[in-house]
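Working notes, beginning with the structure itself.
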Amino acid sequence: MDHRSLSNLLIRLTGVIILLSSILEMPRTVVSLSTTIDQGDSLESAIVMSALAVLLPSLIGLFLLWFPDTVTNRLLSRPESEAAVAVDYKKLQQLAFCALGLYFISSALYDALYWFAKVKMYYSVFAVELTYMKAPTLLPDDFAGIVSTALQFVIGIVLLLGGNGISTFVSKLRG
């Protein structure tokens, strides 16, 4: 198996992982969002918000699943000699870091939409009662989840944009 075929396989696997994880998280999101509101249309709005949260990662996953050659052609060129094969290994490693970064970004975008919807629904329930009391603060678990999502997004951006530098750093560490 050459580098190009291996790259296509890794990109397709990344697409499948992104697609499946976004779809599998939808029921949990619907249940979480629908239980936070006591209004009659809460289930419908929870389903719509969950579908919107699943849409972007699903599109990214489908793109990686059906068009892996597009990504591979941007990063890998055809080797002309044995020296080029060694360079292609570095490119392949860079591609792996970029694919992992794309996964983290997609997952963080999904989580960010979830947190946005949850906070929006949470404060809409208390909007009526705010004349009599102040808005409650975020729960520690919710704050930790929001911070974790932001950190995951930053790590994903670093992996996606800094794949070449990380690959070079890993190669230097190996010796």
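Index from 1, following the sequence.
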By ring pair (Phe, Tyr, Trp, His ring centres under 6.0 Å), Phe116 pairs with (sequence neighbours left out) none
To the nearest 0.5 Å, what is the distance between OH (Tyr110) and CH2 (Trp115)? 11.5 Å
Roughly how far, to the nearest 0.5 Å, is the CG atom of Leu100 from the CG atom of Leu95? 11.0 Å
Residues passing the ring pair (Phe, Tyr, Trp, His ring centres under 6.0 Å) test with Phe104, sequence neighbours excluded, are none
Among the clusters formed by ILVMFWY side chains lying less than 4.5 Å apart, do Val119 and Leu113 turn up in the same one? no
Under the side chain to side chain donor-acceptor pair (under 3.5 Å) rule, what pairs show up with a residue in residues 96-109, not counting sequence neighbours? Ser107-Gln152
Applying side-chain contact (heavy atoms from CB on, under 4.5 Å) to Thr168 and not counting sequence neighbours gives Lys90, Asn164, Lys172
May I have the list of side-chain donor-acceptor pairs in residues 52-64 shorter than 3.5 Å, sequence neighbours left out?
{"residue": "Ser58", "atom": "OG", "partner": "Ser22", "partner atom": "OG", "Å": "3.2"}
{"residue": "Ser58", "atom": "OG", "partner": "Val54", "partner atom": "O", "Å": "2.7"}

Got a list of side-chain donor-acceptor pairs under 3.5 Å for residues 11-20, not counting sequence neighbours?
{"residue": "Arg12", "atom": "NE", "partner": "Leu65", "partner atom": "O", "Å": "3.2"}
{"residue": "Thr14", "atom": "OG1", "partner": "Leu10", "partner atom": "O", "Å": "2.8"}

Roughly how far, to the nearest 0.5 Å, is the CZ atom of Phe143 from the OG atom of Ser148? 11.5 Å
Ignoring hydrogens, what is the shortest heavy-atom contact between Gly163 and Cys98? Give both atom names and the distance. CA-SG, 4.3 Å
